[in-house]
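Order of the sequence lines fixes the chain letters, A, B, ..., with proteins taken first and strands second; residue numbering starts at 1 for each chain.
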Amino acid sequence: MTEPKRDQLVRPKGTIDVLAPESDRWRMAHRIFEDLAERFGYGLVLTPMFEHTEVFARGVGQDTEVVEKQMYTFVDRGDRSVTLRPEATASVVRALIQSGISGRFKGAYWGPMFRYERPQKGRMRQFYQGGVEYLGSESPEADVEVIEFGYRFLEELRVPGVEVHLNSIGDPTDRAAYRAEITAFLRAHESDLSRDARKRIDTNPMRVLDSKADTEVVKAAPVPIDHLGAAAKEHFETVKAGLEVLNIPYVVDDKLVRGLDYYNRTVWEYIATQFDAAHSAVGGGGRYDGLFEILGGTPTPAVGLAMGIDRILLASDIPLDVPSLDVFVVVVDESLRSEARLLVSELRSGGIRVDMSDVQRSVKAQFKEADRRRSISAVVVGDEWNQDNVTIRDLATGEQSLIGPKEIAQWLKNR
RNA sequence: GUGGCCGUAGCUCAGUCAGGUAGAGCACCGGGUUGUGGUCCCGGGGGUCGCGGGUUCGAACCCCGUCGGCCACCCCA
């Protein structure tokens, strides 16, 4: 990180700037995400980056960490309380309700999310998520498809050592009975619990299960998966069977509960095992059949996920040294500069990645730049131009030949 | 929000313990090779040592504050 000079302006705490070539990886991640979303049949959903605070307060849950202390909330000039979105699911559901769409709907989104917290690697105040929502279906096949989506995304971005941690937290009716049990258990062990855990006994007892400070105590605690109703139980079994059909490995983690209130039944996280716990969760999702109602819509079953792009790129093995140009045009004779410019323009129109120097420089310097820019080839415009030829050099092998300018595209295809 | 470590050139860092007005490698630019990169050699540009204040004849170095980064907790993406 570069430090600011005197009056220099710097970015806000917990935000990042991403420049090339590092941003090449972001571009690639975005392309893979969009491509995957299209292959899976998810249409693009655009929603505002801020909402009326109420959308998240109600949607995410009043007693969640996110709403209690992480929201970027402010009052705008019209005296409305608005909040920078800490996640997108509540927004997408709000949008669906507002546009009056009902029935099956598959949508994908990509963009920045905001949570006010102490930054650390893989945990920023503005971070990026790509996610999909599968709305209007209570079928376990929808759960399986969404889980597969995230798994393939991580596969295509070459994230090693991914584990799918899977659990079911049941339906609200199952949870009422369960809540009484977990509360009683926690009360009985109250003296051994961390302070934070004790505070949660009344507000959100289930979340004590994944508190790292309380792993010992919680080992013997009752877990939601043992308290599923018949319907939720069957749903979960079908989801597991569906994953097996697709050869998607998973581990059932009966302590996995997620931090947002709207989930029911299936919940899961993708864990990058190469990392410590702090930022090993690179994505996660769950079923949220109750959210439409919470936000004032008609009850609609739904399942969705969010992938943490920042963390995924930290874990990804996608290399940086892929070629970023097909051709770098080297101008030998300044009198041919305009011709070279036109050649660059035509090649670009033909879909080829091309660049050249914007000022006169030595041939050596231009070749150096071609190399530094990770170009596949260098095309020399010099004396040979008068015979309607250019010299094209393969920068990896050093081989070069004389070809006509129109043959460049073909040369690239053949190499 | 709590606790700890750290901030010197674009990057990675040395110099801080024993105060005397800044260094290396890499990167960048130019030349050696007046039309050929990735190797080599030579040269060059670039820093009021994160910022502010204090102590001192003198501060990158000592003290205080502040901003930022990293790590753990918390929680999650």
Run the salt-bridge test on A:R31 and A:D35 with the 4.0 Å N-O cut-off and return the result as yes or no.
no

5' priority, RNA chain B, between A:R372 and A:I309 [closest heavy atom]:
A:R372

From CG of A:N386 over to C1' of B:G35, roughly how many Å is that when rounded to an integer?
14 Å

Mark this stacking check for A:F127 against B:A77 as yes or no, applying ring centres under 5.5 Å and ring planes under 30°.
yes

Of the listed nucleotides B:G37, B:G68, B:G3, the one nearest the side chain of A:D371:
B:G37

Among A:R258, A:K255, A:R175, which residue satisfies the side chain to side chain contact (heavy atoms under 4.5 Å, CB included) criterion with A:M206?
A:R175

Short side-chain N/O contact from A:R207 to OP1 or OP2 of B:C74, under 4.0 Å:
no

Counting only distance, no hydrogens or angles, is the base of B:G35 paired donor-acceptor with the side chain of A:E384 under 3.5 Å?
yes

Does a side-chain N or O from A:S362 land closer than 4.0 Å to OP1 or OP2 of B:G30, or not?
no

So does A:E156 pair up with A:R152, basic N to acidic O under 4.0 Å?
no

Using a 4.0 Å heavy-atom cut-off across all strands, classify A:K364 as base, sugar-phosphate, or nothing.
base

Taking any heavy-atom pair under 4.0 Å as a contact, classify A:D333: base, sugar-phosphate, or nothing.
nothing

From the list B:C76, B:C73, B:G69, which nucleotide is the closest neighbour of the side chain of A:R123?
B:C73

Nucleotide opposite B:G3 in a Watson-Crick or G-U pair, distances under 3.5 Å:
B:C71

Would you measure the distance from the C1' atom in B:A72 across to the matching atom in B:G37 and give it in whole Å?
47 Å

Would you state whether a donor and an acceptor, one from the side chain of A:R118 and one from the base of B:G3, lie under 3.5 Å apart?
yes

Work out how far the C1' atom of B:C40 is from that of B:U48, and round it to whole angstrom.
37 Å

Whole-Å gap separating C1' (B:U33) and NZ (A:K368)
12 Å

Could you tell me how far B:G52 sits from B:U34 if I compare only their P atoms? Round to whole Å.
50 Å

Classify A:G14 by what it touches in the nucleic acid, base, sugar-phosphate, or nothing, heavy-atom distance under 4.0 Å.
sugar-phosphate

Over all strands shown, is A:E117 touching base, sugar-phosphate only, or nothing at heavy-atom distances under 4.0 angstrom?
base

Could you tell me how far apart A:Q120 (CD) and B:C71 (C1') are, to the nearest whole angstrom?
6 Å

Describe the nucleic acid contact of A:Q126 in one word from base, sugar-phosphate, nothing, applying a heavy-atom distance below 4.0 Å.
nothing

Looking at A:E133, is its backbone amide N or carbonyl O close enough to the side chain of A:T89 to form a donor-acceptor pair, meaning the two atoms are under 3.5 Å apart?
no

If pairing means Watson-Crick or G-U wobble with both distances under 3.5 Å, then the partner of B:G44 is B:C28

Are any non-hydrogen side-chain atoms of A:Y270 and A:I312 less than 4.5 angstrom apart?
no

Can you check the distance between B:G23 and B:C49, where both ends of the measurement are the C1' atom (answer in whole Å)?
12 Å

Taking the same atom, C1', in B:U8 and in B:C76, what whole-Å distance lies between them?
36 Å

Assign A:R361 to base, sugar-phosphate, or nothing according to its heavy-atom contacts below 4.0 angstrom with the strands shown.
sugar-phosphate

Taking only the C1' atom of each, what is the distance from B:C70 to B:G32 in whole angstrom?
45 Å

Can you tell me the pairing partner of B:U66 across any strand shown, Watson-Crick or G-U wobble, with both distances under 3.5 angstrom?
B:G50

Near RNA chain B, under 4.0 Å by heavy atom, which residues of residues 391-412 of chain A?
A:T391, A:R393, A:L395, A:A396, A:G398, A:Q400

Any chance you could lay out the side chain to side chain donor-acceptor pair (under 3.5 Å) test for A:T391 and A:E384, step after step, and finish with the verdict?
CA-CA 7 Å; A:T391 299; A:E384 59 270 63; 2.4 Å; yes

Considering every strand and a 4.0 Å limit on heavy-atom distances, what is the contact class for A:G283: base, sugar-phosphate, or nothing?
sugar-phosphate

Flag, side chain of A:R115 to backbone of A:P86, donor-acceptor distance under 3.5 Å:
yes

Just checking A:V380: base, sugar-phosphate only, or nothing, at a heavy-atom cut-off of under 4.0 Å?
base

Reckon A:R115 touches a base, only the sugar-phosphate, or nothing at all at heavy-atom distances under 4.0 Å?
base

Partner of A:L166 under side chain to side chain contact (heavy atoms under 4.5 Å, CB included), picked from A:L256, A:L243, A:D143, A:V267, is A:L243

Suppose you measure atom C1' in B:A27 against the same atom in B:U12; what distance do you get, rounded to whole Å?
11 Å

Taking atom P in both B:G7 and B:A60, what distance in whole Å separates the two?
15 Å

Which part of the nucleic acid, if any, lies within reach of A:M307 when heavy atoms closer than 4.0 Å are counted: base, sugar-phosphate only, or nothing?
nothing

Given ring-ring contact (aromatic ring centres under 6.0 Å, His included), test A:F153 with A:F33 step by step and report yes or no.
CA-CA 7 Å; A:F153 182 57; A:F33 180 85; 5.6 Å; yes

Is the backbone of A:A365 close enough, under 3.5 Å, to the side chain of A:S362 for a donor and an acceptor to pair up by distance?
yes

By nearest-heavy-atom nucleotide on RNA chain B, the more 5' of A:T15 and A:Y270 is A:T15

